[in-house]
Amino acid sequence: MPELPEVETICIGLRNGIPEQPSIIGNQISEAHVLWNRTIKEPTVEKFVSKIQGQEIIEISRRGKFIVMRLSHDFLIIHLRMSGDLFYRRNFESPATHDRVIFKFKDDGYLVFNDTRKFGRIWLVVDDNEVLGGLGLEPFDPSLSGLELYKMLQRRSTQIKKLLLEQSFLAGIGNIYADEALHLARLHPLTLSNQIDIDSAEVLLRSIRSVLQDGIRHHGASIDWVYKGGDFQNYFKVYKRTGLPCRQCSTLIERIAVGQRSTHFCPNCQKQE
DNA sequence: CACGAGACCTGTTCGC
DNA sequence: TGCGAACAGGTCTCGT
């Protein structure tokens with residue numbers, strides 16, 4: 001489920017609270033139960049459980065698609081991968097289906113990491129840079145300009161769709177928002193990055209920010225049975241719209257594979273140079 | 001990070 | 001209806 005807007009939505013909810021869920025800032029973790037060992041990437045499960053005990057949640061932020069929780073002594077970092085979700089549960093008798101890690105709060109309630117496909121990963125580290133250090137700029141970083149993006153694109157000669165999915169290039173964009181941003185920017189997904197001129201680079205940056213902002217405003221996208229938070233899926237222009245008419249020009253949306261990821265685009269709006 | 005294939009997983013949907 | 005294949009919001013790793 002999670003790309004930048006979905007992760008951002010989850011972070012905001014945990015930090016500020018939402019109906020039914022209080023903010024978890026300031027809560028003290030009394031114990032952690034790990035139900036699927038491979039979810040814990042670092043340290044070992046035993047050390048994870050013992051080290052996290054008694055730590056307080058000081059701050060919650062997002063970096064790329066990672067949820068970063070600053071605790072009293074360590075950083076608790078969570079990546080939801082394909083099917084992970086993180087939410088507050090007031091009480092429960094036994095774990096629900098697909099619960100992988102459960103954090104019990106000293107005073108009230110639980111923080112639950114639920115992950116159908118078991119791809120999600122959790123780290124408990126002193127230095128968050130160890131996990132986040134390889135990430136590229138945040139798309140909303142004020143220091144990122146159209147000119148800077150243009151220079152970054154010039155240094156590579158990769159299909160733009162693949163480049164947008166590289167987390168070391170820009171952090172947080174996934175398959176949905178890459179397709180949506182390229183459609184808005186009128187760029188064919190196979191366009192080579194170093195063939196994008198300065199004007200197109202500026203349009204691309206505005207498009208990336210626009211679709212991500214829209215995603216956040218709609219509390220993310222909810223597809224199928226995974227994640228039921230937002231409604232951005234109702235505003236997709238190309239993603240999962242294969243064979244349907246483009247909302248701009250009525251040409252039928254096509255689907256191709258790019259780097260083994262399904263890629264949706266309008267062959268009329270997004271012509272290859 | 002050049003590129004593709006396979007792995008990691010479970011569940012839903014598609015095609016015959 | 002049944003059944004296997006294809007596909008799913010993401011990374012990793014290995015082989016070439």
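Chain identifiers are assigned alphabetically (A, B, ...) following the order of the sequence lines, protein sequences preceding nucleic acid strands; residue numbering begins at 1 within each chain.
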Exercise for the section: Rounded to the nearest angstrom, tell me the gap between atom CG in A:Asn175 and atom P in C:dC7. Expected result: 13 Å
Exercise for the section: Check whether any side-chain N or O of A:Arg81 sits under 4.0 Å from OP1 or OP2 of B:dC9, and answer yes or no. Expected result: no
Practice task
For A:Phe119 and C:dT11, say yes or no: do the ring centres fall under 5.5 Å of each other while the ring planes differ by less than 30°?
Solution key: no
Completion exercise
Between CG of A:Leu163 and P of B:dC3 the distance, given in whole Å, is 10 Å
Problem - Closest listed nucleotide, where the reference is the side chain of A:Arg100 and the choices are B:dT10, B:dC9, C:dG10 - result: B:dT10
Problem - Candidates C:dG10, C:dA8, B:dA2 - which lies nearest the side chain of A:Pro2 - result: C:dG10
Handout entry: Phosphate OP1/OP2 of B:dT10: any A:Ser83 side-chain N/O under 4.0 Å
Key = no
Practice task
For A:Arg255, answer base if it contacts any base atom (sugar-phosphate contacts may also be present), sugar-phosphate if it contacts only those atoms, and nothing otherwise; contact means non-hydrogen atoms under 4.0 Å.
Solution key: sugar-phosphate
Completion exercise
Of A:Trp36 and A:Ser168, the one whose nearest nucleotide on DNA chain B sits closer to the 5' end is A:Ser168
Practice task
Determine the contact category for A:Tyr177: base if any of its heavy atoms lies under 4.0 Å from a base atom, sugar-phosphate if only primed atoms, P, OP1 or OP2 are that close, otherwise nothing.
Solution key: nothing
Practice task
Classify the nucleic acid contact of A:Gln167 as base, sugar-phosphate or nothing, counting any heavy atom under 4.0 Å across all strands shown.
Solution key: sugar-phosphate
Exercise for the section: Could you check how far CZ of A:Arg117 sits from C1' of B:dT12, rounded to whole Å? Expected result: 11 Å
Practice task
Round to a whole Å and report the spacing from CZ of A:Arg38 to C1' of B:dT10.
Solution key: 14 Å
Handout entry: Residue-phosphate contact under 4.0 Å: A:Lys65 side-chain N/O, C:dG9 OP1/OP2
Key = no
Exercise for the section: Examine B:dT10: is either OP1 or OP2 under 4.0 Å from a nitrogen or oxygen in the side chain of A:His98? Give yes or no. Expected result: no
Exercise for the section: For the residue pair A:Phe236 and A:Tyr239, categorise the inter-ring angle as parallel (less than 30°), tilted (30 to 60°) or perpendicular (more than 60°). Expected result: perpendicular
Problem - Phosphate-side-chain proximity, A:Lys118 and B:dT10, N/O vs OP1/OP2 below 4.0 Å - result: yes
Problem - Gap between atoms CZ and C1', on A:Arg121 and C:dT13 respectively (whole Å) - result: 13 Å
